[in-house]
Protein chains: 2
Amino acid sequence: MASTRRDPSEPATTDYERTCEDGAAGTEHGRAVRDVLDRIGDKWSLLVIGTLRHERRRFTELQRHIPGISQRMLTLTLRQLERDGLITRTVHAEVPPRVEYELTSLGGTLIVHAMALAHWAIENRPQIEAARVAYDSTHAR
Amino acid sequence: MASTRRDPSEPATTDYERTCEDGAAGTEHGRAVRDVLDRIGDKWSLLVIGTLRHERRRFTELQRHIPGISQRMLTLTLRQLERDGLITRTVHAEVPPRVEYELTSLGGTLIVHAMALAHWAIENRPQIEAARVAYDSTHAR
DNA sequence: CGGCATCCTAGTTGATACTG
DNA sequence: CAGTATCAACTAGGATGCCG
């Protein structure tokens, strides 16, 4: 994991600089970026992995911790995250059934960046809000 | 969770650890996170700010650099980014008209995190792809 | 408890045509 | 050149009901 530096044998011109031009369009990199953005950009995924950040959780627990999410969307979100290898789903053979979800190490590396973004959002919200007010006042509603 | 003691006058210490619980739901922080995610999570915004990362660009230039984007969506995306203070729009009084878009410093700080995320996406795509294949094979289509 | 199947709406995007 | 306007298509998401 440790996605610190990329391939040492690459002469440093690679991904990072390319990410925007190359990661832009219909390229492979572009698809990778789009994939991740589609996942964490949707309404609930980030909330789910955020809730799983430290502890593993059961289905209903997650539902309690994420106000407003429907059963359907929680299920769908969990399935996608599981499919992408970001969380694991463990069914315990008990009665009543108990299912636990847990962040994988891959999911753990993702959430670091997601949190950084969230942090940025919180810090810069005042500026964004101000910019909106300014914009709306000059561009008549 | 839900230690909902929200105090408008406590900005800095809190955020990072809270981001997930607190930034989760319908709180102020939650709205900030959602706002940003809605912006960079949409189909084109990240591509646009990525293209503006180094140089300022004209409308048609942007369109050329972002294959597949329609006039309409480019316009809408630019307007939203402008409204949020992430880019500036400069109209030069010439004939034919020339309009240039440029990243603001606020936009510049955002793109750092967005790029980190994009970088993560590129590096971990193989793992995600593998996870999907594994998932799809066990969960019969 | 932890789902899946179905129906349905509201918002987002794309194609197309027209304009200052 | 840099848009705006209109319409059609698609889809994410919510509500509901049933099941192992």
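Protein chains get the first letters and strands the later ones, always in sequence-line order, with residue 1 at the start of each.
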Between [N] atom [atom2] and [X] atom [atom1], what is the distance in whole Å?
X: B:I69; N: C:dT12; atom1: CD1; atom2: P; answer: 16 Å
X: B:M73; N: C:dA15; atom1: CE; atom2: P; answer: 11 Å
X: B:D42; N: D:dC10; atom1: CG; atom2: C1'; answer: 17 Å
X: A:R57; N: C:dC1; atom1: CZ; atom2: P; answer: 17 Å
X: B:K43; N: C:dG11; atom1: NZ; atom2: C1'; answer: 15 Å
X: A:Q80; N: D:dA12; atom1: CD; atom2: P; answer: 8 Å
X: B:I66; N: C:dT13; atom1: CD1; atom2: P; answer: 14 Å
X: A:H92; N: C:dG3; atom1: NE2; atom2: C1'; answer: 16 Å

- Under a 4.0 Å N-O cut-off, is there an ion pair linking A:R125 with B:E28? yes
Kindly give the atom pairs (protein nitrogen or oxygen, nucleotide nitrogen or oxygen) under 3.5 Å for nucleotides 2-6 of chain D.
unit_1	atom_1	unit_2	atom_2	d
D:dA2	OP1	B:R58	NE	3.0
D:dA2	OP1	B:R58	NH2	3.3
D:dA2	OP1	B:V99	N	3.3
D:dA2	OP2	B:T60	N	3.0
D:dA2	OP2	B:T60	OG1	2.1
D:dG3	OP1	B:R79	NH2	2.8
D:dG3	OP1	B:R89	NE	3.3
D:dG3	OP1	B:R89	NH2	2.5
D:dG3	OP2	B:Y101	OH	2.5
D:dG3	N7	B:Q71	OE1	3.4
D:dG3	N7	B:Q71	NE2	3.3
D:dG3	O6	B:Q71	OE1	3.0

- Write down the atom of B:G85, the atom of B:T104, and the distance for their closest heavy-atom approach. O-OG1, 2.7 Å
- Message: For residues 67-80 of chain B, which residue pairs pass the salt bridge (Lys or Arg N to Asp or Glu O under 4.0 Å) check, not counting sequence neighbours?
- Response: none
- Query: Any side-chain heavy-atom pair from B:R57 and B:H65 closer than 4.5 angstrom?
  - Reply: yes
- Item | Check: B:T90 and B:Y101 side chains under 4.5 Å, non-hydrogen atoms | no
- List for me each residue that meets side-chain contact (heavy atoms from CB on, under 4.5 Å) alongside A:D42, sequence neighbours excluded, and say none if there are none. A:S45
